[in-house]
Amino acid sequence: MKRIFMMILAGLLLTACKKSSEPDYFWPTEIATVTASLTASFDTLNADMATNIAIIAQTIADTSAIRTRMNDMVDHSSFVLEFSYINPQGIMQIIEPSIYYPWEGSDISGQAHIIQAFTTKQPALSKHFYAVEDFWGVVDIHPILNQGVLLGGVTALFRPETVLGRIILPIVKDKSFDMFVMEKGGVMIYDQDPDAIGQNLLTDTIFKPFPELVAAAKLFDAVKSGETSYSYFQTGTSIMVKKIAYWDTFEMFGTEWRIIWLKPE
């Protein structure tokens, strides 16, 4: 009986090895390149925020010291537009750089990511939203805690197309494939067509005439990784083509971005 079991096990292992090494299997390595680069970018940002927040937590009454910490993060970041100290009441009390001083004093206590971070006392990555600074962006927020007491938070505001574009554009340049990024919920946060950023593939009426695209977007939204195909315009043209799409997920603080690779069949 033991010999028969070992023969069955060996057969299953051989089958698995054959499937994993099938010559016609394809998965675009560029997806992993993008997710790894994003992880590195945000690891650097989050580590710098954590270091400065630890200092702020010990000097919370010293606004000059807090402003120094904000400037330190501005100097270190390559894609964040604005850092701000949010007091426990949700007021943007201190902002850097100076171009954003006019928004000091703004009440953002009702923003979903502020509520989440202050309630859970954990960092959060916002959805794509319209900031009080008058543009669409995303916020990385870390609460400030001292012995479990909430002292406010620090936000890093950026345009996702900036950090994504500097990673993806060199990858797709002069290639036959393209890539775009959709946050869970259907909103596109990166595309080579800047007009597409902010559009929702699941709900915007502009996409209703393209049921295959909407069906693919529903699949992107529901499943973290996979492949599918759909018909849509060839990039930069009005020519309808069949596209094959592969996707995987970049996730931070529970927020999910679908990294989608596509190419005409």
Side-chain angles (χ1 to χ4, degrees), residues 24-43 45 79 125-129 136-140 158-265:
D24 60 345
Y25 177 77
F26 174 77
W27 183 265
T29 58
E30 294 84 4
I31 296 176
T33 299
V34 172
T35 54
S37 295
L38 278 174
T39 298
S41 293
F42 282 108
D43 281 352
L45 171 62
F79 65 91
L125 183 67
S126 78
K127 291 291 190 74
H128 199 242
F129 77 108
W136 290 91
V138 169
V139 154
D140 182 358
F158 61 94
R159 288 186 172 96
E161 61 267 33
T162 300
V163 63
L164 288 163
R166 72 181 188 181
I167 295 170
I168 293 175
L169 277 175
I171 293 175
V172 303
K173 184 179 180 181
D174 300 324
K175 298 296 194 300
S176 59
F177 62 86
D178 198 2
M179 301 181 80
F180 72 94
V181 182
M182 182 191 96
E183 69 178 13
K184 186 169 174 58
V187 174
M188 287 187 286
I189 57 173
Y190 174 78
D191 192 275
Q192 287 199 62
D193 176 7
D195 291 335
I197 296 170
Q199 293 179 340
N200 192 311
L201 290 171
L202 298 177
T203 61
D204 284 4
T205 56
I206 190 175
F207 298 115
K208 283 188 176 180
F210 308 99
E212 288 187 20
L213 172 60
V214 175
K218 289 179 179 178
L219 196 56
F220 300 154
D221 192 60
V223 183
K224 287 189 174 184
S225 180
E227 71 175 273
T228 189
S229 61
Y230 63 91
S231 295
Y232 195 61
F233 296 122
Q234 185 172 339
T235 303
T237 76
S238 58
I239 302 170
M240 189 70 70
V241 296
K242 192 79 170 181
K243 299 186 179 188
I244 184 167
Y246 299 82
W247 75 96
D248 207 345
T249 297
F250 168 77
E251 184 171 355
M252 190 174 93
F253 305 143
T255 295
E256 299 176 6
W257 292 358
R258 304 293 192 248
I259 315 299
I260 300 151
W261 184 105
L262 64 159
K263 182 179 180 180
E265 286 187 335

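Among all heavy-atom pairs drawn from T249 and T35, the shortest one is O-CG2, 4.3 Å. Of all non-hydrogen atoms in A217 and L201, the two that sit nearest each other are CB-CB, 3.6 Å. The shortest heavy-atom contact between T228 and A216 is CG2-CB, 4.0 Å.
With sequence neighbours excluded, the residues satisfying side-chain hydrogen bond (donor to acceptor under 3.5 Å, both in side chains) with S231 are E212. Contacts of K224 classified as side-chain hydrogen bond (donor to acceptor under 3.5 Å, both in side chains), with partners at least two apart in sequence or in another chain: E251. For S229, the side-chain hydrogen bond (donor to acceptor under 3.5 Å, both in side chains) test picks out no residue, with sequence neighbours left out. In this view, S126 and H113, F129, V138, V139 satisfy the side-chain contact (heavy atoms from CB on, under 4.5 Å) rule, not counting sequence neighbours.
Rounding to the nearest 0.5 angstrom, the gap separating the NZ atom in K243 from the CG atom in L213 is 9.0 Å. With values rounded to the nearest 0.5 angstrom, S225 atom OG is found 11.5 Å from F220 atom CZ. Note that CH2 of W247 and CD1 of I259 are 13.0 Å apart. Values are rounded to the nearest 0.5 Å. Here the straight-line distance linking atom OG1 of T255 with atom NE2 of H128 works out to 13.0 Å at 0.5 Å rounding. Note that the CE atom of M188 and the CG atom of D195 stand 10.0 Å from one another [nearest 0.5 Å]. Between D191 atom CG and M182 atom CE the span is 12.5 Å, to the nearest 0.5 Å.
For F79 and F42, the distance between ring centers is under 6.0 angstrom. The aromatic ring centroids of F26 and Y246 lie less than 6.0 Å from each other.
The closest side-chain heavy-atom distance from F250 to E256 is not below 4.5 Å. Considering only heavy atoms from C-beta on, W257 comes within 4.5 Å of I189 through its side chain. Looking at K127 and E183, their side chains come closer than 4.5 Å, going by heavy atoms from C-beta outward.
Of the possible polar contacts, none joining the D204 side chain to the I206 backbone as a donor-acceptor pair under 3.5 Å is found. A donor-acceptor contact shorter than 3.5 Å is absent between the side chain of D248 and the backbone of R258. Side-chain atoms of S37 do not come within 3.5 Å of backbone N or O of V34 as any donor-acceptor pair.
Summarising the local packing, NZ of K242 is surrounded by more than 12 heavy atoms from other residues, nucleotides or ligands at distances under 6.0 Å. Residue-environment remark: NZ (K175) exceeds the threshold of 12 foreign heavy atoms within 6.0 Å.
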Inset, instruction - Start with the C-alpha gap between M179 and I260, add the side-chain angles, then the distance that decides, and say whether side-chain contact (heavy atoms from CB on, under 4.5 Å) holds. - result: CA-CA 5 Å; M179 301 181 80; I260 300 151; over 6 Å; no

Inset, instruction - Could you check F210 against M240 for side-chain contact (heavy atoms from CB on, under 4.5 Å), going step by step and ending with a plain yes or no? - result: CA-CA 11 Å; F210 308 99; M240 189 70 70; 3.6 Å; yes

Legend entry - Verdict with reasoning, D140 to M252, per side-chain contact (heavy atoms from CB on, under 4.5 Å): CA-CA 10 Å; D140 182 358; M252 190 174 93; 3.8 Å; yes

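Within the structure, no pair that satisfies the ring-ring contact (aromatic ring centres under 6.0 Å, His included) test touches residues 178-197, not counting sequence neighbours.
Relative orientation of the Y232 and F207 rings is tilted, given thresholds of 30° and 60° on the angle between their planes.
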I'd like a table of donor-acceptor pairs (distance under 3.5 Å, sequence neighbours excluded) in which one partner is a side-chain atom from residues 159-173, with atom names and distances.
from : atom 1 : to  : atom 2 : distance (Å)
R166 : NH1    : S78 : OG     : 2.6
R166 : NH2    : S41 : OG     : 3.3
R166 : NH2    : S78 : OG     : 3.2

